Every structure is written in C-alpha cells, then in structure tokens.
Student: 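Mind having a look at this structure? Questions to follow.
Every value quoted in this text rests on a predicted model; they were computed, and no experiment measured them. Below, chain A is the first sequence line, B the second, and so on; all start at residue 1.
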There are 2 protein chains.
Amino acid sequence: MNRLMGEKIVLDIMPDRARNPVTTSRKTIRILEKLYDLEGARVTELADALGMNKSTVHNHLSTLEAEEIVIRDGNEYDIGLRLLEFGGYARDNHLLSRVGASEIERLANRTGELVNVVVEEFGKGVYIACEKGDRAVELNQYPGYRRPLHVTASGKAILAHMPDDRIDEIVDRHGIEPATENSITDRSELEDELRRVDERGFALDDEESVPGLRCVGASILDSSGAVIGAISVSAPTSRITEAQFRDEIPDAVRSTANVIELNINY
Amino acid sequence: MNRLMGEKIVLDIMPDRARNPVTTSRKTIRILEKLYDLEGARVTELADALGMNKSTVHNHLSTLEAEEIVIRDGNEYDIGLRLLEFGGYARDNHLLSRVGASEIERLANRTGELVNVVVEEFGKGVYIACEKGDRAVELNQYPGYRRPLHVTASGKAILAHMPDDRIDEIVDRHGIEPATENSITDRSELEDELRRVDERGFALDDEESVPGLRCVGASILDSSGAVIGAISVSAPTSRITEAQFRDEIPDAVRSTANVIELNINY
DNA sequence: ACATCTGTTCTGAGATAATGAACAGACTTA
DNA sequence: TAAGTCTGTTCATTATCTCAGAACAGATGT
C-alpha cells in the first residue's frame, strides 16, 4: 500500500505538460535513473528502491539489455555506452562544445586548474566539456554532469544574463536548495548576487557548491546578446590567494570567454 | 517437425534477447534512434519514417520532453543533453577513459593527428575518447560514436585478442559489411588479417573505413591478457608517407599503448 | 481566399504491461 | 552435508494503458 502510494505520487507530481504520458517508457527512465544513482544494481535492489515489482523490473532490464542500453555482469546491471552515442551527438551539436573545447585547453594549461564549459538545459547547468590543468582538482565532473545553476560560478554567470521571467520559471521548477553552508538560499539573495555578477562581468563561487572549492565563471553570449553558456575555472581554496581569486583568474577567464565569443560570432 | 526445429533455433539464437520485451519502451528507443539518424525531426516526419501513427509519436515525444530527454525548437524535436549524463557516467566508469585520456593527449601532440580510444561493447567499437593534434583531420567522431570492429584499426586490434568463439558471435550478430572498397568482406580474409595483426603487434586500416584515411591501432590488455580496448591514430593518406604509416606511427602508438597498460595494471 | 499542410486532443477497442505465485539455482548457515 | 533463504526468472491472468483514427485548429503556402 505504501509502495503504491509512493509510486502514485511520483507519477502525479511529474511534469507540468505531457497530456498523454507514456507511463511505460517513464518507468523505463525511472529504472535508468536509479541505475545511475546506485552506480549499478541488481533486479531486486532496483525493485525495492523504486517500489516496483521484481518481474516488472526484470522485463524492463532485459529489454534494455537486448537494446544494448544496459550491460550486465553476472546479475549486476549497469548503464552501458549506448546512451553516450545519443548524448555525445547532442553535445557535439552544441556550438560551445566545438569552439569551447579547444580554447579551454589553453586556459587549463595557463592556470593549471580545472576548466569547464557549461550550458543551460531545462533550467540546469550541464557540463559539456572539461579540461584539466597539471594540478587540477579531481572532481567527478564528466561531460553530461548536471548541477543547479544557482550554486555554481558558471551557473550564476548564465543566470545573470537571463530575463527575469525565465529565472522565475527555473526557480519555480527547481527551487533554491543550498549545496553547502555558503550557498545562496533565497530569491532576493540570488537577485543581489546576479546584479553583482552583471556589474563585475564575472561570477564567483566561494565554496557555495563544494566545500573547499572556489570557482570563477564568465558567460558567453551570441551576437544578439543572448547567453549560450559559460566557462569556469575551479581551484581549491587552500591553493589560490585572494588576489588570484578576485583578479588574476577572473581576467584569464573573461579573456578566454571573449575569444570563444569571437570565434562563435564571426 | 518444422515447427519444433524452428522453435529450437529461435531459442538457441536468442539467448541474449529479451523473452518479455517491453514493446512500448522499444518504440521509444526506435524514436530516439530515428531522431539521431535524422539529426532532429518533426512529428510527422518521424511517424512516416518509422511507420508509426502520428499521435503515437506525439505521445512518446511529449513524454520524452517532459522527462527532459528530448528538446524542441518550435516543432522540431532533437535529442537533448540528458542522455549525456547517463552516457558520460558509463564512459567515466571505464578504466580506459580515465587513464587513456591523458596519455593520448601526448600522442596527439607528438603526431599532430587524431587519436582515439576505443572499447568493445555488444560487438561494436565505441569511441570513448578523442584527442586532436594540431593538424588532425575533422571527422565527426565524438565520444560515443560506434563503428563495426572489422573496418577499423582499433577494432581489428581488439578482435585480434579475442577468442575465436567470441569473434564468431560478433560476426554472426553484425556480419562483415564493407565500408569502403578496401574493407574486409569475408571471414577467412578477416582471420588472415587478424593473424597478421597479432604477429606485428599493431593493426592497420588502409582506407578500409573512410576513403582517404589511414589508421594505426594497438590493443590494450589487462594483466590477465584480456583485451580492454585499443587506441588508434588517424591521418589522411595524402599526408603520411609509407614509412610513417608502417613504422613511425606504429612505434608511437605501441609505445603509448604500453604506457597505458602499465598505468592500468600497476 | 482557399487548400493543404501541420501538431494536438479525444475516445473506444484492442493489445500488453504488471502482477504475484511458483520454480530452480546460488549462496549462506546450521 | 543438508536445510534454509536468498536470488533471477517464467508463466498465466487481469486490469491497464497504449495505440489508432477521426476531428480540430492553427500555421503555411499557393
């Protein structure tokens, strides 16, 4: 009974639109998501975690395996590389992934730190390229990784160039959940911060996303002034000085962002 | 008698196929595949191409959009970045993607050409990392891209280290379709070639995959001698000399492959 | 202005996904 | 060694949900 209720709620809360949702495919997606969360799992484990029937999960998994989307090692299932074909295509389609990738490599070499290219999709920040300098921090930020916009430097750089109604939409959809004790937690605080970002021309993340990590982000605009995405540099707080965080790195980031803009627009 | 035989064959042939396929989810996957093939499409276009009803496609697409898997621009649908999250995770999980990525950068700088890391999955070669040297050819080979094993240098390097019954499985599943006029077209030819690859210690692709393109591949083995994947260098035929193709590049590729093996196994 | 596209909504009928029991095999524990 | 408890898988039935087709409105093009 509890399980049924749980499932019902999930299905009811879902998307605002989609008048004719294909619930079976949604169930398949739920399974993939959980497989992702758990970093691989077995049939019963998934069924329990999702409140689904064992045989239901089995049917979906065996279908996904036949479609080469899911791999299995013994009885352990995990997501395979097939979806990388689709996702890699989507990434390659993006303006920023082609032009951005080569430019951030230079920035990574110059700063020695981790550099990311981020674009917005469905109100979230999606990392589409990452380049490591020789002393870059090790984070599990692979292309495809997603983070809320309001807790990252790149995300705030993107938000700062969005019309207010768009920001409203995003806040309505995802809320303003803090990620660390430094995170922004409410709407007015966010507005103040975005105004500062706009004035300075770059965004800062002072351990607002990951404890001990500081990031500097700058937006990338198309010729009409609309924001396409952002780049950011991430470095451990312990390593960089205040001057680097507030001046040197921002200059380097903005400079690279400008080069990317020029490449895209001309 | 015939029925029994037929049934037996079916049961034997599809031990890896789903016995309880969730056809609805399969239909969703067909739609994603077609969207990928067409590089974006509209409802009617997809319905026609897939032989499905318009409203059926509409239902699936609106569900996928609500799930943030598909994006739309007006009435044009396309695959979004969501699947890159799953695919990027799968890629990041692979041993070779972490260790391989940093090493092939050096090889790309040294040769100036395009360098790829390839692993096998479901009998196909999957590119999980690509690095471009300063004069690298422009191919649309992004991470996630898939090619048949028998037409590429990396693929042949992988096949050469597989047990015969595994090769049989793969040939049964995918056939030996040629990609260019130089491609291998039958089983015995493939066997001869794999023997040569094994003797030499590297694989060559002399315009067997893409006209005008030559590639050199070398396998990467784990400590037990099982093949994990391969790396390859791709260059235009017009640019490289015979000596480079047969000696210099193979030496560089094997050297890098060795370094990767050492990093993985120790 | 018309004609022909399009995407979307709606409803019934038919297909099928979900269910829970039952089974066999693996593994743990006694 | 044997009992006991896991597991994944199969199966048949029922309730559910997908699918098709007609109908609509809006866009597009003639």
Side-chain angles (χ1 to χ4, degrees), chain A residues 1-35 38 40-67 69-78, chain B residues 7-8 10-32 34-35 38 40-67 69-78:
Chain A
M1 199 53 181
N2 260 333
R3 284 189 193 163
L4 280 177
M5 280 185 59
E7 191 167 297
K8 193 71 183 347
I9 288 169
V10 168
L11 294 178
D12 277 351
I13 281 180
M14 275 314 301
D16 8 47
R17 288 191 297 274
R19 288 192 157 273
N20 297 298
V22 184
T23 54
T24 303
S25 297
R26 292 230 306 253
K27 205 166 275 195
T28 294
I29 297 167
R30 292 291 88 73
I31 289 173
L32 284 171
E33 286 173 346
K34 191 53 79 177
L35 221 37
L38 299 174
R42 309 174 61 143
V43 171
T44 311
E45 197 180 350
L46 283 170
D48 289 346
L50 291 162
M52 292 180 189
N53 192 292
K54 230 178 15 166
S55 51
T56 301
V57 174
H58 172 78
N59 286 344
H60 281 259
L61 283 177
S62 67
T63 302
L64 286 171
E65 190 195 5
E67 293 292 336
I69 287 176
V70 147
I71 56 175
R72 66 186 295 183
D73 183 11
N75 285 326
E76 184 86 6
Y77 289 87
D78 207 347
Chain B
E7 199 165 286
K8 191 70 182 359
V10 167
L11 290 178
D12 279 349
I13 280 182
M14 34 197 282
D16 50 344
R17 275 199 188 162
R19 283 178 260 286
N20 296 302
V22 184
T23 56
T24 304
S25 297
R26 290 229 305 250
K27 204 166 277 193
T28 295
I29 297 167
R30 293 289 88 73
I31 290 174
L32 285 171
K34 190 54 80 176
L35 221 36
L38 300 173
R42 309 174 63 143
V43 172
T44 313
E45 197 181 348
L46 283 170
D48 290 345
L50 290 163
M52 294 180 188
N53 193 290
K54 238 182 5 171
S55 56
T56 301
V57 173
H58 172 78
N59 286 345
H60 282 259
L61 282 177
S62 68
T63 303
L64 286 171
E65 190 196 5
E67 293 291 339
I69 286 176
V70 146
I71 56 174
R72 67 187 292 185
D73 182 11
N75 285 327
E76 183 87 5
Y77 290 86
D78 207 346

Student: Identify all pairs in which a protein N or O lies below 3.5 Å from an N or O of nucleotides 20-25 of chain D, and state each distance.
Tutor:
unit_1  : atom_1 : unit_2   : atom_2 : d
dA20(D) : OP2    : Thr56(B) : OG1    : 2.6
dA20(D) : N7     : Ser55(B) : OG     : 3.0
dG21(D) : O6     : Ser55(B) : OG     : 3.1

Student: In this structure, how many angstroms lie between the C1' atom of dT8(C) and the OH atom of Tyr77(B), rounded?
Tutor: 9 Å
Student: Check whether any side-chain heavy atom of Leu46(B) sits under 4.5 Å from a side-chain heavy atom of Leu38(B), and report yes or no.
Tutor: yes
Student: Among Lys27(B), His58(B), His60(B), whose side-chain contact (heavy atoms from CB on, under 4.5 Å) with Met52(B) holds?
Tutor: Lys27(B)
Student: Rounded to whole angstroms, how far apart are CD on Glu76(A) and C1' on dT7(D)?
Tutor: 13 Å
Student: Nearest heavy atom decides the nucleotide; on that basis, is Thr24(A) or Glu45(A) closer to the 5' end of DNA chain D?
Tutor: Glu45(A)
Student: Does dT18(D) have OP1 or OP2 sitting under 4.0 Å from an N or O in the side chain of His60(B)?
Tutor: no
Student: Is the phosphate of dT16(D) approached by Thr23(A) (side-chain N or O, under 4.0 Å from OP1 or OP2)?
Tutor: no
Student: Is Arg42(A) close enough to dT9(D) that one of its side-chain N or O atoms is under 4.0 Å from OP1 or OP2 there?
Tutor: no
Student: If I take atom CD1 in residue Ile31(A) and atom P in nucleotide dA17(C), what distance separates them, rounded to the nearest angstrom?
Tutor: 13 Å
Student: Rounded to the nearest Å, what distance is computed from the CG atom of residue Leu46(A) to the P atom of nucleotide dT7(D)?
Tutor: 12 Å
Student: Specify the closest pair of heavy atoms between Leu35(B) and Ala41(B), including all atoms of both residues, with the distance to one decimal.
Tutor: CD1-N, 3.6 Å
Student: Rounded to the Å, how far apart are Arg72(A) CZ and dT9(D) C1'?
Tutor: 10 Å
Student: Is any side-chain heavy atom of Val70(B) closer than 4.5 Å to a side-chain heavy atom of Ile31(B)?
Tutor: no
Student: Grab the CG-P distance between Asn75(A) and dA26(C) for me, whole Å please.
Tutor: 11 Å
Student: To the nearest Å, give me how far apart CG (Asp48(B)) and C1' (dC5(C)) are.
Tutor: 12 Å
Student: Just so I know, are the side chains of Leu32(B) and Leu64(B) near enough to count as touching, which here means a heavy-atom distance under 4.5 Å?
Tutor: yes
Student: Report yes or no: does Thr63(B) contribute a side-chain atom to a donor-acceptor pair with the main-chain N or O of Val22(A) at less than 3.5 Å?
Tutor: yes
Student: Using side-chain heavy atoms (C-beta onward) and a distance below 4.5 Å, is Asp73(B) in contact with Asp78(B)?
Tutor: no
Student: Send over the distance from Arg26(B) CZ to dT16(C) P, rounded to a whole Å.
Tutor: 10 Å
